[in-house]
Amino acid sequence: MPWQQKIRYLIGQPVGISLTNGQGTSGVLCGTSGRKLLVIEYLYQAQFTLKQYDFYMIQDINGFPPCQNQQPLY
């Protein structure tokens, strides 16, 4: 499925994004605006930023898989 068709299912979810320059990023997908993908990314401590990625920069987008181990770690 083309990544553009995945957007509606992934809004509000944690995603990984492959960029056309070979880099990648991850965050929570907020939506789109004017052919830009809006993603909240973690900076440091308790700071987050809303980043915008032009559609032409995106190669693919995928939701995070569920955790395999649902038991508490202690």
Minimum heavy-atom distance [X]-[Y], with the two atoms named:
| X | Y | result |
| --- | --- | --- |
| Arg8 | Gln5 | CG-O, 4.1 Å |
| Cys30 | Leu50 | SG-CD1, 4.1 Å |
| Gly16 | Phe64 | N-CE1, 3.7 Å |
| Thr49 | Leu43 | CG2-CD2, 3.8 Å |
| Lys6 | Asn62 | NZ-OD1, 3.1 Å |

Derivation and outcome, side-chain contact (heavy atoms from CB on, under 4.5 Å), residues Ile7 and Phe55
CA-CA 12 Å; Ile7 292 173; Phe55 278 13; 4.3 Å; yes

Cluster overlap Phe48 with Val15, hydrophobic side-chain contacts below 4.5 Å:
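No: no chain of side-chain contacts under 4.5 Å links Phe48 to Val15.
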
[atom1]/[X] to [atom2]/[Y] distance, rounded to the nearest 0.5 angstrom?
| X | Y | atom1 | atom2 | answer |
| --- | --- | --- | --- | --- |
| Trp3 | Ile61 | CH2 | CD1 | 7.5 Å |
| Leu37 | Thr32 | CG | OG1 | 7.5 Å |
| Leu38 | Leu29 | CG | CG | 8.0 Å |

Is the backbone N or O of Tyr56 less than 3.5 Å from a side-chain atom of Tyr53, with the two atoms forming a donor-acceptor pair by type?
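No, because the side chain of Tyr53 does not come within donor-acceptor range (under 3.5 Å) of the backbone of Tyr56.
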
Look only at the side chain of Lys51 and the backbone of Glu41, and say whether a donor-acceptor pair between them is shorter than 3.5 Å.
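No; zero donor-acceptor contacts below 3.5 Å.
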
Checking Gln23 now: which residues fulfil side chain to side chain donor-acceptor pair (under 3.5 Å) with it, not counting sequence neighbours?
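Asn21.
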
Could you tell me if Gln52 and Ser33 have a donor-acceptor pair between their side chains, going purely by distance under 3.5 Å?
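No, no side-chain donor-acceptor contact under 3.5 Å.
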
For a 4.5 angstrom cut-off between non-hydrogen side-chain atoms, does Val28 reach Val39?
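Not touching, per the 4.5 Å side-chain cut-off.
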
